[in-house]
Each structure stands twice: as C-alpha cells, then as structure tokens.
Amino acid sequence: MTTNALTSKSSTSGRAGDKIFSGAALAAGVLILVTLFAVAVFLLIQALPTFFADPAKVSGGQGFFAYIWPIVIGTIIAAAIALLVATPIGIGVALFISHFAPRKVAGPLGYLIDLLAAIPSVIYGAWGYMVLAPALVPGYEWLAQYLGFIPIFEGPASQTGKTMLTAGIVLAVMVLPIITSLSREIFLQTPKLHEEAALALGATRWEMITTAVIPFARPGIISAVMLGLGRALGETMAVALVLSTGNLIPSLIKTGNQTIAAEIALNFPEAFGLRLSELIAAGLVLFLITLLVNMIARGIIARHKEFSGAN
Amino acid sequence: MKLNRLGSAAAVLSVAAIALTACGSDSPTATSSESTSSSAASGVTGTLTGIGASSQTSAMEAWITGFKAANSGANVQYSPDGSGAGREAFLAGGAQFAGSDASLKPEEATKAKEVCGPDGAFNIPAYVSPIAIAFNLDGVDEINMDADTIAKVFKKEITKWNDDAIAKQNPDADLPDTAITVVHRNDESGTTENFVEYLKAAAADVWTYDVSGDWPSDIQSENAKGTSGVVSTTTSTNGAITYADFSAVGNLSTVNVKVGDDYTKISAEAAAKALDTATPVEGAAENDLALELQRDTTEAGTYPIVLVSYHIYCSTYKDQATVDLVKAFGNYVVSDEGQKTAQESAGNAPISTSIAEKATKAIDSITVAQ
C-alpha cells in the first residue's frame with residue numbers, strides 16, 4: 001500500500017522520467033547482448049563456406065583445421081610471453097604505488113602507467129619494429145649462441161629482431177597498464193585493519209603484503225591478468241608490424257609463427273571469396289577464445305564478489 | 001509493469017536500430033548507379049563508383065581531384081577494397097569500373113559479358129610501377145645480378161654477399177662476408193605477385209613456386225607489413241635485401257637486373273619500355289589492352305620487373321550519361337595531365353604515349369547498351 005501512496009504523490013512527469021530511464025537502461029543492457037549475438041551470427045554466416053569448402057582449396061591445401069591450428073598456437077604463445085613478462089612487473093608496480101611509494105610519487109606514477117593504455121597500438125608496433133627489434137638483435141645472438149640447445153632459443157637468430165619474443169615483449173608493454181591499474185585498485189582496498197594487525201604482530205612490510213594484501217587481492221589479480229590476456233590475444237596491429245611471420249616453429253628468436261589477429265589484418269585488405277571467408281572463420285575462432293577468457297575472468301570475479309574490489 | 005518496461009526498451013532499441021541501419025549500406029550500387037540527366041552540354045555530371053586495388057589509392061585521389069576540377073558536376077568514388085574484391089564487385093554489377101593490379105582472368109572475362117553486354121569488359125593500363133630490388137649493404141651502392149642469382153638469393157640458396165655467383169657479376173665491387181637477410185611482404189600484395197611472376201618467367205629452373213600475391217610459405221625468411229614495412233626493416237638491417245615499389249625505396253641501393261647482355265638500372269623510362277615490348281594477352285578482345293609482359297625479354301634498356309595497374313571498364317553501359325561519365329574519367333586518367341598528376345602524387349611511372357593512344361581509342365568505343 002505504501003507504494004500506492006508514493007506513486008500518487010509523485011508527479012506524472014517524474015514517473016515518465018522514471019520509465020524512460022529504466023527503459024533506456026534496459027535497452028542499453030539488451031543492446032550489448034544483441035550486438036554480441038549479431039557479431040557472432042555475422043562471423044558464423046560469413047565463415048560457413050570455409051567449413052564446407054573443398055579442403056584442397058583452403059589456404060595450405062589441407063582444410064581449415066590444418067590452416068588454423070598453427071596460428072591458434074602462435075596466438076597463445078604471444079599472449080603467454082606477454083603475460084609472463086607483464087604480470088610480475090605489473091604487480092610489482094602496483095604494489096610499489098599502493099604500499100611503498102611516498103604519496104607524492106604514487107599519484108603521478110599511476111597516471112603515467114594509465115597513460116600507457118592510451119597509446120594507439122600502431123605506435124607500439126612502429127616502436128617495436130623500428131627501435132626495439134634492432135636493439136634486441138645482439139641479445140638474441142647471445143641467446144642463440146649460449147642457450148641454443150633449448151628449443152625456444154634455437155639459432156640462427158633473426159638479423160632484424162622481428163621475432164615472436166619481440167612481439168611478446170611489445171604486447172607485454174601494452175597489457176602492463178591493464179594489470180597495473182586493476183591490481184593497484186585492489187591492493188588499495190585491502191582492509192586497513194588486516195594490514196595493521198599484521199604489522200602489530202611484528203610482520204615486516206613484505207610479510208604484511210604476503211599475509212594480508214596478496215591473499216585478499218588474489219582473485220582480483222587473476223581477473224586483471226585475464227583481462228590483460230584478452231587484450232594480448234586480440235591485439236592486431238602491433239603484432240602485424242613487429243612479427244616476421246612464418247610457419248609455426250618452436251624457436252622464439254627466429255623468423256616464424258603467426259597470430260590470428262595479425263593474420264587477419266595482413267590478408268584482409270586484398271582478400272575475397274573463399275579467402276575472405278577463411279579469415280572471418282579465423283576471426284570466429286579468436287572470438288570464441290576471447291569470449292572464453294572473458295567468461296572465465298568474469299566467473300572468477302563473481303565467485304569472489306565479497307572480497308574483491310574489482311567490481 | 002514488466003510489459004511496459006519491455007515495451008519502452010523495445011521502442012528505444014528500434015529507434016537505435018533504424019539510426020544504425022541508415023548509416024551502413026552494404027551495396028555500393030545504392031549511392032552510385034543513378035546518373036543525372038545528360039542535358040548539361042558542357043562537362044559531365046553524376047557519380048562514378050570504382051572499387052579495387054588499395055595500391056591505386058594515392059594515384060586515384062590525384063585523379064579524382066583533377067577530374068572534379070575539370071568537371072564540376074561529376075564525382076568519382078573509389079573504394080580501395082583490394083584488386084580481387086574490386087573485380088568481384090565489378091562483375092556483380094556493384095561498381096562501374098574496377099582498379100586492379102592484374103587484368104581480368106579468362107573466366108572473369110567470360111562472366112563480364114553478363115554485366116557488360118556481348119562485348120564484355122576490357123582492361124586499360126592506368127600506370128606502371130617499377131619494382132626495385134633494394135638492399136642495404138655497408139660500402140656497396142650498386143650491384144649487378146641476373147635472374148637466376150636473384151631467384152637463388154630470394155630462395156635463400158645464396159646466403160652470403162660474397163658468394164661466387166654474385167662476385168662473378170660484380171668484379172669491381174668489394175663484397176663483404178655478410179649474411180644475406182631476405183625481407184619479403186607478409187601481407188598479400190600485387191608487388192609480390194609481379195615480382196615472383198618475373199622470377200618464375202626469367203628463372204624458371206630455380207623458382208619453382210606458384211605465382212601468387214602471397215610469398216611462398218616454403219621459404220621461411222624475414223618479412224614486414226606493407227611497402228613501408230619492408231623498406232624500413234631493410235634500412236635498419238645490414239645485409240638485408242627486399243623488393244618494393246621504386247618510389248618508396250628511399251636511401252636503399254638497388255640491384256641492376258641483367259636483361260640481354262647488359263645490366264639495366266631501374267628507372268621510370270626503362271619500366272615504361274617494358275610495357276612497349278609487352279604483347280596483348282592471347283585471345284583478348286579488340287579493345288582489351290591487357291598486356292602479357294615479356295619478363296624474360298632480352299631487349300637492352302628494359303627493366304622487366306614492373307607492376308601494371310589496370311582500370312577495368314564495361315564495353316557498354318545502360319545510359320548515355322554513364323557512358324559520358326566513364327569516357328570522360330577514363331580519358332582523363334590516360335591523358336598526359338592525368339598521368340603527370342598521378343606521377344607527382346603517387347610516384348609511379350606513366351604509361352607510354354603509344355599505349356595511351358590505344359587506351360583513348362578503346363575508351364572512346366564505349367557505347368550505350370542496345
């Protein structure tokens with residue numbers, strides 16, 4: 001009955017505003033799902049001819065699966081290198097900002113890290129192949145000479161430095177701001193009481209972090225890394241510019257390997273007919289991988305809702 | 001209440017959907033095919049739509065600017081979707097002309113009769129691009145190579161700059177013991193296609209791969225995206241060699257290619273000469289200027305590694321206005337002025353006068369469909 005009393009008091013214009021707002025909010029929510037669905041349907045319809053095509057006509061001549069799996073592996077390798085490099089650095093920077101740096105330094109440093117996320121990927125790509133790649137050549141030669149017995153460092157090293165490892169490092173720089181800013185926000189939300197309790201029990205600052213901050217932030221860190229992984233998987237231009245593409249090979253310091261996003265970017269402009277359909281099918285595969293990653297990330301965040309500061 | 005909320009959501013959504021669909025139209029014909037009346041005595045009017053090679057973009061921009069300046073009522077839209085996509089759209093009736101790094105294939109020419117009438121479509125060379133074999137080697141500015149050597153270098157059979165095969169042809173050069181780093185395009189491109197076509201024709205024994213716009217995947221070597229990518233990678237790597245549009249090689253040194261008994265240095269003139277020695281494609285229609293380049297020519301002073309970019313037109317169009325528009329644009333492109341504008345802005349080589357004359361004659365033969 002109270003609701004009746006309330007509605008009768010509020011003016012008609014207010015109710016209309018309420019309705020429009022709730023309608024708009026619902027529409028926005030539905031629109032996201034519709035967009036996602038429409039993209040999936042578009043990819044599926046456009047990709048269909050590839051799955052029914054004569055395997056001999058698909059690039060490589062052995063059917064779509066033989067065409068796609070090396071670049072799926074390549075995509076995963078690139079993303080894995082990026083995360084292996086960026087996760088420890090990102091968490092380190094975030095901890096420094098949240099718990100070690102004096103307040104005067106912490107603020108500007110946080111802004112600077114966030115600024116990294118605003119640089120267009122084509123700039124990262126250009127920097128990667130013009131500056132970073134040539135600079136890494138001596139390092140790769142050293143790796144090939146002394147650690148060449150490990151398959152991933154098998155020589156002879158690339159003379160241009162345009163390798164999977166370089167691409168992975170560029171990607172690491174690109175995902176760094178995502179991991180850093182999300183982790184930083186979570187570290188800052190650690191209950192002060194936990195931290196002070198740890199310190200009061202005689203813990204050093206490092207012990208306080210490992211006993212109070214990290215356990216609290218773990219799910220948040222995982223979801224930050226997952227979001228970074230999403231970016232690394234889908235990154236197109238930087239990889240297309242940096243990597244000397246080729247067949248799938250284990251060595252990370254030789255020419256070779258390819259990622260899905262770069263494969264699409266490089267071949268799309270001149271593609272038509274079946275080739276276009278193949279590339280869209282590759283896009284569909286990437287879409288599914290990214291969807292999976294994001295769903296896992298969301299799942300982790302949702303499961304730890306009550307602790308995590310990420311939502 | 002629930003129903004009401006859904007209803008208003010649906011209302012907002014449908015408005016958004018209408019707004020969105022209004023922006024995105026798939027069919028290029030939607031905006032293009034209508035041409036206004038041909039009553040205007042001076043100049044042509046209407047909009048011409050072309051789809052095709054992205055490599056023609058900068059030349060096309062120059063042509064469109066020049067053409068619009070001369071014909072205030074006319075407009076040309078060019079969508080750089082790629083050569084293959086352009087030919088496909090043209091054959092489906094989605095564009096009035098196509099820009100392509102390759103002429104129509106025989107089966108495409110047959111298909112063209114459905115859209116263009118019994119005489120089909122024809123190819124007109126729009127410009128020539130010499131493809132340089134560019135390298136970066138400390139202390140060496142010029143190097144001579146024959147076709148077999150070039151093929152072996154790019155196949156990675158010759159791996160050192162002081163290899164006997166190279167040294168023999170360059171007795172005066174002081175060749176270092178540097179490893180050769182081959183850099184190729186990693187995106188599909190007409191430059192790659194024409195370069196490997198040359199290797200296949202002139203060094204058939206060595207180069208056994210199929211001709212395609214993609215680099216043969218059996219040869220694992222360094223690569224980069226686009227002309228600017230290969231040039232930049234080569235410039236920053238000592239001992240690197242690549243192939244790229246001559247206008248874009250910058251400070252890199254270029255290889256002189258053996259033709260007949262001499263080595264030809266790359267130049268716009270030598271490239272235009274390759275066009276003159278070319279013969280019409282076998283079985284081509286009377287007005288078709290699709291050329292079979294003599295990649296293995298022995299005529300001195302010819303530079304055989306060139307890319308000919310074509311415009312593809314129908315022999316008939318449905319109304320007089322479109323015919324006038326196509327003729328005006330086609331003739332502008334092959335005219336002295338058109339060729340000069342393109343050369344200035346895109347850096348490609350003009351077609352020779354004899355080809356231009358033939359092109360004008362072909363374009364003038366376009367008529368209204370019966």
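We name chains A, B, ... by the order of the sequence lines, and we start the count at 1 in each one.
With rounding to the nearest 0.5 Å, the separation of NZ in A:Lys162 from OG1 in B:Thr181 is 12.5 Å. Distance CD/A:Gln159 to CD1/B:Ile180: 12.0 Å, rounded to 0.5 Å.
Heavy atoms from other residues, nucleotides or ligands lying under 6.0 Å from CD of B:Glu157 number more than 12. Counting heavy atoms of neighbouring residues, nucleotides and ligands inside a 6.0 Å radius, atom CG of B:Asn251 does not exceed 12 of them. The number of heavy-atom neighbours closer than 6.0 Å to OH of B:Tyr78, taken from other residues, nucleotides and ligands shown, is above 12.
Contact annotation for A:Leu243: only backbone heavy atoms (N, CA, C, O) come within less than 4.5 Å of a heavy atom of chain B. Heavy-atom distances place no part of B:Asp218 under 4.5 Å from chain A, backbone and side chain included.
At a heavy-atom separation below 4.5 angstrom, chain A is approached by B:Asn186, B:Asp187, B:Glu188 within residues 183-198 of chain B.
In this structure, B:Gln220 contributes its side chain and A:Asn247 its backbone to a donor-acceptor pair below 3.5 Å. No donor-acceptor pair closer than 3.5 Å links the side chain of B:Lys225 to the backbone N or O of A:Leu266.
Contacts of B:Glu222 classified as side-chain hydrogen bond (donor to acceptor under 3.5 Å, both in side chains), with partners at least two apart in sequence or in another chain: A:Ser158, A:Thr160, A:Ser244, A:Thr255.
In terms of non-hydrogen atom pairs under 4.5 Å with chain B, the most contact-rich of A:Leu276, A:Thr163, A:Asn267 is A:Asn267. Annotation: maximal heavy-atom pairing with chain A below 4.5 Å, among B:Ser232, B:Gly86, B:Ala179, occurs at B:Ser232. With respect to chain A, the highest number of heavy-atom pairs below 4.5 Å among B:Gly226, B:Ser221, B:Ser236 belongs to B:Ser221.
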